[in-house]
2 protein chains.
Amino acid sequence: MRENSTREQIITAADDLFYRQGFEQTTFADIAEAVGISRGNFYYHFKTKGEILEAVIKRRLANTQDMLDQWEAESSEPLERIRSFVRILIGNRGKIMRHGCPVGTLCAELAKLEHLQRDAANEVMTLFRNWLRRQFAALRHEADADVLAMHLLARSQGIALVANAYQEENFVDAEVEQLLDWLDACASQRTHAE
Amino acid sequence: MRENSTREQIITAADDLFYRQGFEQTTFADIAEAVGISRGNFYYHFKTKGEILEAVIKRRLANTQDMLDQWEAESSEPLERIRSFVRILIGNRGKIMRHGCPVGTLCAELAKLEHLQRDAANEVMTLFRNWLRRQFAALRHEADADVLAMHLLARSQGIALVANAYQEENFVDAEVEQLLDWLDACASQRTHAE
DNA sequence: CACTAATTAGGACGTTCGTCCTAACACCAA
DNA sequence: TTGGTGTTAGGACGAACGTCCTAATTAGTG
């Protein structure tokens with residue numbers, strides 16, 4: 001159960017390759033080369049390619065949950081917490097322009113394949129959705145918290161997809177600023193309305 | 001050069017299958033079965049699978065251009081023209097929930113494959129981008145016409161991607177309404193500012 | 001050290017796919 | 001009818017892939 005076990009290395013390499021090349025496009029040979037092990041060795045750790053995907057999604061779920069927990073720990077202000085979410089578009093700007101959003105691109109690919117793990121991939125997005133919903137609810141937006149969460153999700157996904165297509169840095173920056181403005185308006189609107 | 005030639009039928013079937021299953025996931029056998037011809041017959045019309053994709057994108061470019069031209073012909077008001085763009089999210093809501101946006105999903109897939117036709121796929125999106133830019137410019141938003149066009153593109157793509165993941169009709173409707181409100185604010189803001 | 005279980009390497013196997021060849025068929029002009 | 005061109009069917013071919021088996025190696029335990 002050590003951290004750098006072969007199994008963990010396989011998941012790490014697969015996670016990266018699934019993101020950069022997509023699930024279907026990534027072969028056992030690709031992962032084997034990245035880890036530095038034999039191709040036949042896979043069967044001992046994972047019976048099928050789907051099991052590797054399952055493990056990758058499981059790890060992404062855990063990592064995402066950790067990140068969300070950290071954002072909650074770093075600030076008690078829901079507004080600031082949501083800003084942390086928006087800012088990952090800046091922090092990961094380079095990666096997003098090259099390969100898109102890891103969450104969105106995987107959901108999109110598995111949706112087209114009507115893959116068994118489709119629901120599992122969606123769970124990662126749902127993790128963000130529910131977390132954002134709780135933050136908006138804490139912002140006194142109980143009634144439309146889910147609508148706002150979905151809106152922010154969609155805006156982020158749209159930015160990532162278009163950024164991936166055109167690779168224009170300024171676009172991401174400008175959109176993030178608009179998103180932060182929208183967020184401020186969102187917060188103050190409810191504060192003044194009471 | 002007749003309309004229902006085998007070549008045209010192949011492009012039609014490939015267009016549909018690429019949309020529903022993705023490019024990589026669609027095989028020659030799939031297309032052959034859909035058209036009702038032999039698998040070996042492809043080589044006479046297209047040398048490679050990439051050539052089929054090329055023809056499909058070419059047709060999509062033409063169809064898109066026709067649609068944009070029609071929107072321009074139907075109304076002389078740029079605001080109303082842009083509304084036509086937004087409303088395709090409603091008109092194609094069912095298809096989008098099932099398979100995503102044809103433009104966005106193809107761009108996303110080819111970006112991951114670093115495919116040769118990647119730029120060609122982006123051209124379809126650019127067709128919308130430039131058309132929207134011209135409409136916003138006509139709305140007295142000359143200075144930020146491209147920024148607004150990109151914003152609308154991203155919003156639309158985000159809605160399509162999230163709708164595809166969650167398949168919630170209400171979400172699409174609510175987002176489209178917000179988009180139309182944003183559009184109205186966009187138009188009146190500039191009108192009142194002069 | 002000896003023995004057992006865990007782990008790995010290498011490759012076989014069957015399938016699927018894109019590509020390509022060739023013989024046969026259809027249509028049309030002379 | 002005859003000849004030629006356009007079109008189609010069927011299958012061959014090699015490569016790539018996921019899967020699976022087995023022998024060899026390593027690590028852990030008494």
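What you are looking at is a predicted structure, and each value in this text was computed from that prediction instead of being measured. Side-chain atoms are counted along with the backbone in the values below, which use heavy atoms only and exclude waters and symmetry mates. Labels below follow one simple rule: chain letters A, B, ... track the order of the sequence lines, proteins then strands, and each chain is numbered from 1.
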Side-chain H-bond candidate by donor/acceptor type, A:W131 with A:Q65, under 3.5 Å: no
side-chain hydrogen bond (donor to acceptor under 3.5 Å, both in side chains) against A:Q70, all qualifying residues, sequence neighbours excluded: A:E74
A:V56: which of A:E54, A:K58, A:R60 passes side chain to side chain contact (heavy atoms under 4.5 Å, CB included): A:R60
Residues within residues 11-30 of chain B bordering DNA chain C, heavy-atom distance below 4.0 Å: B:T26, B:T27, B:F28
Whole-Å gap separating P (C:dG18) and CG (B:L113): 13 Å
Stepwise side chain to side chain donor-acceptor pair (under 3.5 Å) test for B:D30 and B:T27: CA-CA 5 Å; B:D30 290 332; B:T27 68; 3.3 Å; yes
Nearest-Å distance for atom pair CZ/P, residues B:F46 and C:dC17: 20 Å
Below 4.0 Å: OP1/OP2 of D:dC20 and any side-chain N or O of A:Y43: yes
Nucleotide C:dA24, atom P - distance to CD1 of B:I37 in whole Å: 21 Å
Separation of atom CD in A:E51 from atom C1' in D:dC20, rounded to whole Å: 14 Å
Among D:dA9, C:dA9, C:dT19, the nucleotide that comes nearest once only the side chain of B:S38 is considered: D:dA9
B:I10 CD1 - D:dA9 C1' separation (whole Å): 13 Å
side-chain contact (heavy atoms from CB on, under 4.5 Å) between B:T105 and B:L161, intermediate numbers included: CA-CA 8 Å; B:T105 54; B:L161 192 146; over 6 Å; no
Side-chain touch A:Q21/A:H99, heavy atoms, less than 4.5 angstrom: no
Between A:W71 and A:E80, a side-chain donor and acceptor under 3.5 Å: no
Distance in angstrom units between A:N41 CG and D:dA24 C1', rounded: 13 Å
side-chain contact (heavy atoms from CB on, under 4.5 Å) between B:E51 and B:T48, worked out: CA-CA 5 Å; B:E51 280 190 20; B:T48 67; 3.7 Å; yes
Distance test, side-chain N/O of B:H45 to OP1/OP2 of D:dG6, below 4.0 Å: no
Ranges pairing with ranges for DNA chain D, where each run has three or more Watson-Crick or G-U pairs under 3.5 Å: C:1-30 with D:1-30
Whole-Å gap separating C1' (D:dC17) and CD (A:E33): 16 Å
Closest-nucleotide ordering on DNA chain D, the 5'-leading residue of A:R39 and B:Y44: B:Y44
Rounded interatomic separation in angstrom, taking NZ from B:K47 and P from C:dG18: 17 Å
Ring-ring centroid check A:F171 A:Y166, cutoff 6.0 Å: no
